[in-house]
Amino acid sequence: MTHLRFLSPGVALMRGLRLSSKLLSLSVVMLVPALLGLLPLAADLSGGTASVLLWCTGLFLVAAVYLLLGFYQGLSQDVNQVRLAMDKMVQGDLHLAVGCGVYKNLVVS
């Protein structure tokens with residue numbers, strides 16, 4: 001997948017978060033539509049309230065897809081950068097430094 005311009009804010013958001021925060025935000029954004037979808041079944045709601053809940057469910061689903069695409073795009077760019085650095089290292093070029101600017105998920109033991 002090539003880098004899409006409209007994903008730039010989502011990629012920047014996902015790169016700024018720790019992995020645990022990324023997964024937590026993705027799970028919350030994915031669980032809210034399911035809970036909102038079950039709410040009209042659990043309570044006897046009028047047509048207008050059910051319509052608002054349906055719109056909110058749709059918005060959360062769109063947000064979930066957008067954040068998932070941003071997570072995937074950012075992760076694939078980082079992995080591709082590391083793969084290219086490893087290819088150059090195998091060819092003998094040891095001068096390439098890989099850096100994404102954020103090292104929150106890096107653990108060195």
Participant: Following the transitive rule for hydrophobic clusters with a side-chain heavy-atom cut-off under 4.5 Å over Ile, Leu, Val, Met, Phe, Trp and Tyr, establish whether Leu69 and Val62 coincide in one cluster.
Facilitator: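 Shared cluster, no.
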Participant: Are any of the side-chain heavy atoms of Phe60 and Leu31 separated by less than 4.5 Å?
Facilitator: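 Phe60 does not reach Leu31 side chain to side chain.
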Participant: So how far is it from Tyr72 OH to Leu7 CG, rounded to the nearest 0.5 Å?
Facilitator: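 If I round to the nearest 0.5 Å, the distance is 11.5 Å.
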Participant: Would you name the heavy atoms of Arg15 and Gly74 that are closest together and state the gap between them?
Facilitator: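 Of all heavy-atom pairs spanning Arg15 and Gly74, the closest is NH2-O, 3.5 Å.
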Participant: How many angstroms lie between atom CG of Leu35 and atom OG1 of Thr57, to the nearest 0.5 angstrom?
Facilitator: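 One gets 9.5 Å once the value is rounded to the nearest 0.5 Å.
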Participant: Identify whether Leu67 and Leu19 are in the same connected component of the hydrophobic contact network (ILVMFWY, side-chain heavy atoms under 4.5 Å).
Facilitator: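 Same cluster.
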Participant: Indicate the atoms forming the closest heavy-atom contact of Phe6 with Tyr66, along with that distance.
Facilitator: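 The pair with the smallest heavy-atom distance is O-OH, 2.8 Å.
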Participant: Taking all non-hydrogen atoms of both residues, which atom of Lys22 and which atom of Phe71 are closest, and how far apart?
Facilitator: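 Looking at all heavy atoms of both residues, the shortest contact is CD-CE1, 3.6 Å.
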Participant: If every non-hydrogen atom of Ser25 is compared with every non-hydrogen atom of Leu17, which pair is closest and at what distance?
Facilitator: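 So the minimum-distance heavy-atom pair works out to OG-CD1, 4.3 Å.
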Participant: Roughly how far, to the nearest 0.5 Å, is the CG atom of Leu13 from the OG atom of Ser21?
Facilitator: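 Reported value, rounded in 0.5 Å steps: 10.0 Å.
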Participant: Val29, Leu75: one ILVMFWY side-chain cluster at the under-4.5 Å cut-off?
Facilitator: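 Val29 and Leu75: one cluster.
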Participant: Taking side chain to side chain contact (heavy atoms under 4.5 Å, CB included) as the definition, give me every residue that meets it alongside Ser27, ordered by chain and number, with sequence neighbours left out.
Facilitator: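 Listed in chain order: Leu24.
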Participant: With sequence neighbours excluded, what pairs up with Met30 under the side chain to side chain contact (heavy atoms under 4.5 Å, CB included) test?
Facilitator: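 For Met30 the side chain to side chain contact (heavy atoms under 4.5 Å, CB included) partners, ignoring immediate neighbours, are Ala64, Leu68.
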Participant: Would you check if Gln77 and Asn80 make a side-chain contact, meaning some heavy-atom pair closer than 4.5 Å?
Facilitator: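 No, every pair of side-chain atoms sits at 4.5 Å or beyond.
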Participant: Among all residues two or more places apart in sequence or in another chain, which pass the side chain to side chain contact (heavy atoms under 4.5 Å, CB included) test with Leu59?
Facilitator: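 Checked Leu59 against side chain to side chain contact (heavy atoms under 4.5 Å, CB included); zero matches.
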